[in-house]
Amino acid sequence: MSESAVRPGRVEEITSTSNPRIKSIKALALKKNRENEKLFLAEGMKLVTDALATGWRVRTLIHSKKLFDDAKLKSRVEQLATTVRARGGDVFITNDKLLTSITRRDNAQMVVAVIEQKFIDVQDVKCVDNNTWVALDRVRDPGNLGTIIRTADALGAKGVLLIGETTDPFALEAVRATMGSLFHTPIARLSEDQFLAYAAKWKSAGGAVVGTHLEGAVDHREIDYDKGPQIILMGNEQKGLTESLSNACSQLAYIAMDGAADSLNLAVATGIMLFEARRHALKSNDRSK
Ligand code: SAM
């Protein structure tokens, strides 16, 4: 439907924390409510701007009245509000106290949006070109997941596959850590069995599954990443990769270490793997030339 065919959303001033719409927005702090409603919260002008620019559906924009005191901020928030309303979303104008109660942060951002969740289907993960995908086995920490989504976006990976019981990419802490990359990074969710079936197809189509393991057989710098598409498979923070996932890999890589630490943080290890896997693509951005 074109924007002109959509009935514009309404604008309302709300200051009571017991307002039913505000109560249902606050309920999105819980994973089960986010999953039932297929909605999530994003805070701050940048994230909301990114969400709108990339076509995510903003159901509600909530912003502090205080923004009207600054001419620049006023004009920015009015632009956001116009776009949200033109696409059928509502705009609530409120106070900082109520915003803080939604985001549960003392220094709450003055803009919060309620956005519709989006996952892609694994069938949309195409084994073509030099595409890199990141797959995460049972990632637990929302900060790690958000950082990995941000890093995957920054290094030109095509998206992230979440395997098994994972933390929610739409939790407020994960969304914050993505710094807007959530809106540029396709995410699929699948069980371990679904991933194993998909990995078999991927390998028979000529793609590689590069697993990372403390006991890996190959130094991650020795792998020829620009030969074809690859999935970089990372293990759970406490337990590493399951045996079945390890067995499904074309290669198991280790990242050399030289200190007393017995492993790297998951997000750091993913960053190191991605820098190596995307090195061929990053060359063209070399500013030293
Ligand atoms: N105790 C876990 C184990 O034995 O695998 C440590 C898991 S580590 C904190 C989380 C994940 O980060 C690992 O499963 C692996 O994917 C990656 N990782 C961390 N350090 C690594 C290293 N030096 N080499 C390869 N992968 C590493």
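As the structure lists them, so they are numbered: ligands from 1, and atoms in each ligand from 1. Quick caveat, the model's predicted, so the values are computed rather than measured.
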Problem set entry | Validation row, ring centre Phe68 to ring centre His63 under 6.0 Å | yes
Seminar exercise, completed: Residues Arg10 and Asp90: closest non-hydrogen pair is N-OD1, 2.9 Å
For this session: Answer yes or no for Ala253: is there a heavy-atom contact with ligand 1 below 4.0 Å?
Result: yes
Exercise. For Leu214, is at least one N or O under 3.5 Å away from an N or O on ligand 1?
Worked result: no
Seminar exercise, completed: Heavy-atom closest pair (Gly240 atom, Asp137 atom, distance to 0.1 Å) is O-OD2, 3.4 Å
Exercise. How does Asn236 reach ligand 1, if at all, at less than 4.0 Å between non-hydrogen atoms: by side chain, backbone, both, or neither?
Worked result: backbone
Seminar exercise, completed: Between the CG atom in Leu39 and the CD1 atom in Ile115, the distance rounded to the nearest 0.5 Å is 9.5 Å
For this session: Compute both the distance and the angle, then confirm whether Arg189 meets the cation-pi test with Phe119: under 6.0 Å from the six-membered ring centre, within 45 degrees of the axis.
Result: yes
For this session: Decide, yes or no, whether a salt bridge links Arg176 with Glu173 under the criterion of side-chain N to carboxylate O below 4.0 Å.
Result: no
For this session: Return the residue, atom name and 0.1 Å-rounded distance of the protein heavy atom closest to atom 23 (N) of ligand 1.
Result: Ile255 O, 3.0 Å
Problem set entry | Test applied, salt bridge (charged side-chain N to carboxylate O under 4.0 Å, His left out); reference residue, Asp168; option that passes from Lys32, Lys31, Arg34 | Arg34
Seminar exercise, completed: Looking only at protein heavy atoms, what sits closest to atom 18 (N) of ligand 1 is Ala269 CB, 3.6 Å
Exercise. What protein heavy atom sits nearest atom 11 (C) of ligand 1, and how far away is it?
Worked result: Gly235 O, 3.6 Å
For this session: State, to 0.1 Å, how close Ala267 and Ile148 come at their nearest heavy-atom pair, and which atoms those are.
Result: CA-CG1, 3.8 Å
For this session: Specify the protein heavy atom at minimum distance from atom 7 (C) of ligand 1: its residue, its atom name, and the distance to 0.1 Å.
Result: Glu237 O, 3.4 Å
Exercise. Taking the non-hydrogen atoms of Asp137, is any one of them nearer than 4.0 angstrom to ligand 1?
Worked result: no
For this session: State the atoms of ligand 1, each with its element, that fall below the 4.0 Å cut-off from a heavy-atom position in Thr212.
Result: 15 (C), 16 (O), 26 (N)
Exercise. Under 4.0 Å from any heavy atom of Met234, which atoms of ligand 1 are there?
Worked result: 16 (O), 17 (C)
Seminar exercise, completed: If you scan protein heavy atoms around atom 5 (O) of ligand 1, the nearest is Gly240 CA, 3.4 Å
Exercise. Is it true that Lys65 and Glu13 make a salt bridge, defined as a side-chain N closer than 4.0 Å to a carboxylate O?
Worked result: yes
For this session: For ligand 1, find out whether one of its N or O atoms is nearer than 3.5 Å to an N or O atom of Gln238.
Result: yes
For this session: Using distance alone, with no hydrogens and no angle criterion, decide if Thr242 and Ser244 have a side-chain donor and acceptor under 3.5 Å apart.
Result: no
Problem set entry | Contacting atoms of ligand 1, where contact means under 4.0 angstrom from a heavy atom of Tyr254 | 24 (N), 25 (C)
Exercise. At a 4.0 Å threshold, what atoms of ligand 1 neighbour a non-hydrogen atom of Met257?
Worked result: 23 (N)
Seminar exercise, completed: Residue, atom and distance of the protein heavy atom nearest atom 20 (N) of ligand 1 read Leu264 N, 3.0 Å
